[in-house]
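Step one of this worksheet: look at the structure below.
Given the structure is predicted, the values throughout are model-derived calculations rather than measurements. Quick note: numbers below take in every heavy atom, side chains included, and nothing from hydrogens, waters or symmetry partners. If you read the sequence from its start, that first residue is 1, and numbering goes on from there.
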Amino acid sequence: MTSFVTLTSGQKMPILGLGTWKSAPGQVKQAVLAALDCGYRHIDCAAAYGNEQEVGEALTLRIGPQKALRREEVFVTSKLWNTKHDPAEDVEEACRNSLDHLGLSYLDLYLMHWPMAFQRGKELMPRREDGTVCYADIHYRDTWIAMERLVDNGLVKAIGLSNFNARQTGDIISMAKHKPVVNQVECHPYLSQADLLSHCRSVGVCITAYSPLGSGDRPWASPNEPCLLDDQRLEALAQRYHKTPAQIILRWHVQRGVVCIPKSVTPARIQQNLQVFDFSLSEEDMKQIDSINRNERFIVPAVEMNGKRVWRDGGHPHFPFHDAY
């Protein structure tokens, strides 16, 4: 049986869900169907992933009168992209577009994908001729106020953050009418996020881990970067518990109370990722996994400048990763 975390909104959010980032069109529909059919009740989406329409086709096949599931049984998250931060012009329209694509009348959770606003428009990544991204002068606090209206109007049950640091999270909490219930961030044993997790827990914000297995298939991975799933310490634990390294990692997240959304389009893998509720890691083994933290981010777009790789959006005034956590 799937475990839940209870959000400050009172909602029960399944601690393990299906991630859909990098799931190609033509594959994601079958992945969502496979997930729902084997017991997942939490699907994580985003407008920027470019596949919400296909996710919606799967949801429509399984949710509704005379179908396998009732709407209230499935927790669906989507996210507001950086080019849609304009409070008056874009926030509600972007949310409604996601709802249309997903075939839903409301979202359980809607996240601000990043604290950084980009120039409005149809392009996901509006760029100048030299390739640099065009930023917009919109503060994430103003975007948040517009997101609060989505709750008031019944389009979403709750709102939250993604890729916000502790200071920015506190900034939102200090002025929010509807408090953020979740901060979705990169988190895995090489980036354990212990300080951010502790901070968010202290202010009633749940952490969701994206790329909880280290995102070995990220398009920009270089050959010399470590692959988390091949880590010999995790492989040794997996052999001892008669589980896979992925199941060991997912169990580590679950025991920390961190929601995780592993992505897969392989039915057998999707099912395997859910099979983490029939064993527990010892306290000693939890500490061993904690100890392999390297504070290593894999999911920060980088660009070449003067022969060095630098963070692409490091110059944005709201770039979150200059802070320690």
Looking at residues at least two apart in the chain, or sitting in another chain, which of them share a ring pair (Phe, Tyr, Trp, His ring centres under 6.0 Å) with [X]?
X: Tyr190; value: none
X: Phe118; value: Tyr135
X: His253; value: none

Using modelled atom types only, decide if a donor and an acceptor are shared between the side chain of [X] and the backbone of [Y] within a distance under 3.5 Å.
X: Asp86; Y: Glu89; value: yes
X: Ser211; Y: Gly214; value: no
X: Trp21; Y: Tyr49; value: no
X: Gln30; Y: Gln27; value: no
X: Gln11; Y: Asp108; value: yes
X: Gln168; Y: Asn165; value: yes
X: Arg128; Y: Val133; value: yes
X: Gln193; Y: Cys187; value: no
X: Thr60; Y: Gly56; value: yes
X: Asn153; Y: Leu155; value: no

*Is Arg41 positioned over the aromatic face of Phe75, cation under 6.0 angstrom from the ring centre and no more than 45 degrees off axis?*
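Output no; distance or angle outside limits.
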- Begin from the C-alpha positions of Ser282 and Asp285 and carry the test side-chain hydrogen bond (donor to acceptor under 3.5 Å, both in side chains) through to its verdict. CA-CA 5 Å; Ser282 71; Asp285 291 334; 3.1 Å; yes
Next item on the list: Report the C-alpha distance between Phe279 and His242 in whole Å, list the side-chain angles of each, state the deciding distance to 0.1 Å, and finish with yes or no for ring-ring contact (aromatic ring centres under 6.0 Å, His included).
Entry: CA-CA 10 Å; Phe279 76 108; His242 305 292; over 10 Å; no
Do [X] and [Y] come close enough that some side-chain heavy atom pair is under 4.5 Å?
X: Ile43; Y: Leu36; value: yes
X: Val156; Y: Tyr106; value: no
X: Arg294; Y: Leu191; value: no
X: Lys243; Y: Asp278; value: yes
X: Met13; Y: Val259; value: yes

Are [X] and [Y] linked by a side-chain donor-acceptor pair shorter than 3.5 Å?
X: Gln184; Y: Asp44; result: yes
X: Trp114; Y: Asp313; result: no
X: Arg251; Y: Gln255; result: yes

### Query
Should Asp231 and Arg233 count as an ion pair when the cut-off is N to O under 4.0 Å?
yes
- Salt bridge Lys29-Glu57, side-chain N to carboxylate O under 4.0 Å: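 Answer for the salt bridge query: yes.
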| message | Looking at Glu123, I'd like to know if its CD atom is crowded, meaning that more than 12 non-hydrogen atoms belonging to other residues, nucleotides or ligands lie closer than 6.0 Å. | response |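 No, because the 6.0 Å sphere around CD of Glu123 holds 12 heavy atoms or fewer from other groups.
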Heavy atoms from other residues, nucleotides or ligands near NZ of Lys179 exceed 12 (cutoff 6.0 Å):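 For Lys179, atom NZ is crowded (more than 12 foreign heavy atoms under 6.0 Å).
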Residues pairing under side-chain hydrogen bond (donor to acceptor under 3.5 Å, both in side chains) where one sits in residues 262-275, two or more places apart or in two chains, turn out to be Asp217-Lys263
Pair Asp290-Trp252, side-chain hydrogen bond (donor to acceptor under 3.5 Å, both in side chains): steps then yes or no:
CA-CA 9 Å; Asp290 290 343; Trp252 172 77; 2.8 Å; yes
Self-check item: Stepwise side chain to side chain contact (heavy atoms under 4.5 Å, CB included) check, Asn163 with Phe321
Solution: CA-CA 9 Å; Asn163 297 300; Phe321 304 142; 4.0 Å; yes
Sorted by chain and number, sequence neighbours left out, salt bridge (Lys or Arg N to Asp or Glu O under 4.0 Å) with Glu72 holds for Arg70
In short, salt bridge (charged side-chain N to carboxylate O under 4.0 Å, His left out) pairs touching residues 143-166 with sequence neighbours left out are Asp152-Lys177
Minimum heavy-atom distance between [X] and [Y], given as atom pair plus value:
X: Ile159; Y: Leu109; result: C-CD1, 3.9 Å
X: Ser78; Y: Ala47; result: OG-N, 3.9 Å
X: Glu235; Y: Pro245; result: CG-CG, 4.0 Å
X: Met116; Y: Pro320; result: SD-CD, 4.2 Å
X: Ile270; Y: Cys38; result: CG2-SG, 4.2 Å
X: Ala94; Y: Leu80; result: CB-CD1, 3.6 Å

Result for side-chain hydrogen bond (donor to acceptor under 3.5 Å, both in side chains) between Ser98 and one of Glu52, Lys84, Gln53, Lys79 points to Glu52
- prompt: Given Phe164 and Tyr140, is the ring-ring contact (aromatic ring centres under 6.0 Å, His included) satisfied, shown in steps?
  reply: CA-CA 10 Å; Phe164 274 60; Tyr140 51 78; 5.3 Å; yes
| Centres of the His139 and His85 rings: under 6.0 Å? | no
Discussion item. Can you classify the ring geometry of Trp311 versus Phe319 as parallel (below 30°), tilted (30 to 60°) or perpendicular (above 60°)?
Written reply: tilted
Side chain to side chain contact (heavy atoms under 4.5 Å, CB included), that's the test. Do His178 and Val151 meet it? Break it down for me. CA-CA 8 Å; His178 296 297; Val151 182; 3.9 Å; yes
(request) Test Ser3 against Leu16 for side chain to side chain contact (heavy atoms under 4.5 Å, CB included), laying out the working first. (result) CA-CA 8 Å; Ser3 250; Leu16 206 138; over 6 Å; no
Exercise. Check the pair Trp144, Asp171 against side chain to side chain contact (heavy atoms under 4.5 Å, CB included), reporting the backbone distance first and the verdict last.
Key: CA-CA 11 Å; Trp144 185 259; Asp171 200 13; over 6 Å; no
